[in-house]
Enquirer: 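Below is a structure I'd like to ask you about.
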There are 2 protein chains.
Amino acid sequence: MQFYKKSETNRLNCPIQLTNQILGDKWVLLILRELFLGNTKFDEFEKNLAISKSVLTVKLNLLVQHGLIIKTDYKEEKKRTRSEYQLSKKGSELIFMMGAILDWGNTNLVSKEETYLKIIDKTGAPVKLVFVNQNNKILSLNDLSFELS
Amino acid sequence: MQFYKKSETNRLNCPIQLTNQILGDKWVLLILRELFLGNTKFDEFEKNLAISKSVLTVKLNLLVQHGLIIKTDYKEEKKRTRSEYQLSKKGSELIFMMGAILDWGNTNLVSKEETYLKIIDKTGAPVKLVFVNQNNKILSLNDLSFELS
DNA sequence: CAGGATCCACAGCGATACTG
DNA sequence: CAGTATCGCTGTGGATCCTG
């Protein structure tokens, strides 16, 4: 694999840094996991993650502010109004990152003897991520390099 | 004492959680960026990231412990021995995650008027990530679902 | 140059109690 | 149920000084 080398990376406008400012903490990625698993309600997050209410509130508000999730109120018959949180388009586009983490984590960290999480297609077969060029031709890692432009 | 409930998501063996325990902080992802950009030396990280020495030491050791980077000593003529850090195979496989974050960050957070970071192929054209099945057929996002198995 | 050792400030988080 | 409010602890990170 080739690497681009330059002494002056653009730090402030860097997509890694900006993304890390949103996702780089103890909880946000795990909340996103719950959202991708289809959970939408406050108490589902609270129960599944064993997170404190106050922190959960803060993180959900943060995700709303950044436009990754959308909060809506709904009401079932004879019940009080409740809130639910759903991934926005922007948020759901993180599925590529989630898929990459799933692949890497399953390969390198997870015990395959136990139950584990993965992404499958409609036939139930596991999928994988690949880099492609403009013509959808699959690229080898040796073809890739980082660049500032 | 808390008990793990098998009927729910496998939290303890979850690839997202396990990966997040390594990457989910303020600095690790940015150090990985520097490594993917080809930087290898302590003072390069220190200068590029504006991170304090003590924290940088801790984070580098952590990455070594987790097997994401390899520390080696080397010595140039007439100079003292120095250390360098390079991505291991395990670490460099995170390029899919880095690529996904680059794509997402560039689309959603980065000002394209300024310089920004991306991944290109040998012709200099930008690449993208796609999900494929076992036969390398590109999948639509509608075909995907998360599953425990 | 590559850390170690200290010290300190503060943000993050959990626990608990309270509210509409 | 979905938060607020408050409290206190701990861990993270920055700053400074020291070492081979």
Side-chain angles (χ1 to χ4, degrees), chain A residues 7 11 16-17 20-35 38-66 69-86, chain B residues 1-4 11-12 16-17 20-35 38-66 68-87:
Chain A
S7 58
R11 316 289 164 189
I16 306 290
Q17 178 177 350
N20 195 47
Q21 284 172 4
I22 302 175
L23 306 182
D25 84 324
K26 187 176 174 180
W27 287 114
V28 172
L29 207 60
L30 297 176
I31 295 173
L32 288 172
R33 179 193 69 189
E34 295 301 313
L35 288 157
N39 293 313
T40 61
K41 298 184 185 58
F42 191 91
D43 63 324
E44 290 173 333
F45 304 136
E46 189 185 1
K47 180 164 141 282
N48 291 340
L49 298 174
I51 187 177
S52 71
K53 291 181 172 205
S54 50
V55 175
L56 179 55
T57 302
V58 169
K59 298 300 178 185
L60 287 173
N61 288 339
L62 199 135
L63 288 172
V64 169
Q65 281 169 33
H66 285 294
I69 60 175
I70 297 165
K71 177 178 183 175
T72 49
D73 291 340
Y74 71 99
K75 184 165 168 26
E76 296 172 4
E77 297 251 344
K78 308 260 183 183
K79 291 191 174 179
R80 61 194 290 287
T81 301
R82 298 177 62 187
S83 292
E84 64 179 354
Y85 303 85
Q86 282 165 310
Chain B
M1 173 93 62
Q2 264 184 329
F3 293 100
Y4 171 67
R11 315 289 166 190
L12 298 179
I16 306 290
Q17 177 177 350
N20 194 47
Q21 284 171 3
I22 302 176
L23 306 182
D25 84 327
K26 186 176 175 180
W27 287 114
V28 171
L29 207 61
L30 298 175
I31 295 173
L32 287 172
R33 179 192 69 188
E34 295 301 313
L35 288 158
N39 293 314
T40 60
K41 296 183 186 60
F42 191 93
D43 62 325
E44 291 173 333
F45 303 136
E46 190 184 1
K47 178 164 147 280
N48 291 340
L49 298 175
I51 186 177
S52 72
K53 291 182 173 204
S54 50
V55 175
L56 179 56
T57 302
V58 170
K59 298 301 178 185
L60 287 173
N61 289 339
L62 199 136
L63 287 173
V64 170
Q65 281 168 33
H66 285 294
L68 275 69
I69 61 176
I70 296 165
K71 177 179 184 174
T72 49
D73 292 340
Y74 71 100
K75 182 167 170 28
E76 296 173 4
E77 297 253 343
K78 308 261 182 183
K79 291 191 174 180
R80 61 192 292 286
T81 301
R82 299 177 61 186
S83 292
E84 64 178 356
Y85 303 85
Q86 282 165 310
L87 287 166

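Letters A, B, ... mirror the listed sequences (proteins, then strands); counts begin at 1.
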Enquirer: Please pick, from D:dG3, C:dA2, C:dC13, the nucleotide with the shortest atom-to-atom distance to any side-chain atom of B:F42.
Expert: C:dA2
Enquirer: Rounded to the nearest Å, what distance is computed from the NZ atom of residue A:K47 to the P atom of nucleotide D:dC1?
Expert: 10 Å
Enquirer: Does C:dA2 have OP1 or OP2 sitting under 4.0 Å from an N or O in the side chain of B:Y74?
Expert: no
Enquirer: How long is the span from the OG1 atom in B:T40 to the CD atom in B:E34, to the nearest 0.5 Å?
Expert: 11.0 Å
Enquirer: D:dG20 C1' sits how many Å from B:D73 CG, rounded?
Expert: 14 Å
Enquirer: Is it true that B:D43 and B:K53 make a salt bridge, defined as a side-chain N closer than 4.0 Å to a carboxylate O?
Expert: no
Enquirer: Could you measure the distance from the NZ atom of B:K59 to the CD1 atom of B:I69? Nearest 0.5 Å is fine.
Expert: 12.5 Å
Enquirer: Expressed as a whole number of angstroms, how long is the span from B:E84:CD to C:dC1:P?
Expert: 15 Å
Enquirer: Is A:K26 salt-bridged to B:D25, cutoff N-O under 4.0 Å?
Expert: no
Enquirer: Tell me: CZ of B:R82 to P of D:dG20, nearest whole Å?
Expert: 20 Å
Enquirer: Are any protein N/O atoms closer than 3.5 Å to N/O atoms in nucleotides 16-18 of chain C? If there are, list each pair with its distance.
Expert:
none

Enquirer: Whole-Å distance between C:dC13 P and B:K26 NZ?
Expert: 13 Å
Enquirer: Let me confirm one number: the CD-OG1 distance from A:Q86 to A:T72, rounded to the nearest 0.5 Å.
Expert: 5.5 Å
Enquirer: Rounded to the nearest 0.5 Å, what separates atom NZ in B:K41 from atom NZ in B:K47?
Expert: 12.0 Å
Enquirer: Which whole-number value in Å describes the distance from A:D25 CG to D:dG11 P?
Expert: 17 Å
Enquirer: To the side chain of B:N61, which of C:dG4, C:dG14, C:dA2 is closest?
Expert: C:dG4
Enquirer: Answer yes or no: does a side-chain N or O of A:K59 lie under 4.0 Å from OP1 or OP2 of C:dC13?
Expert: yes
Enquirer: Looking only at side-chain atoms of A:W27, point me to the closest of C:dA2, D:dG14, C:dG14.
Expert: C:dG14
Enquirer: Check whether the side chains of A:S83 and A:D73 place a donor and an acceptor atom closer than 3.5 Å, and report yes or no.
Expert: yes
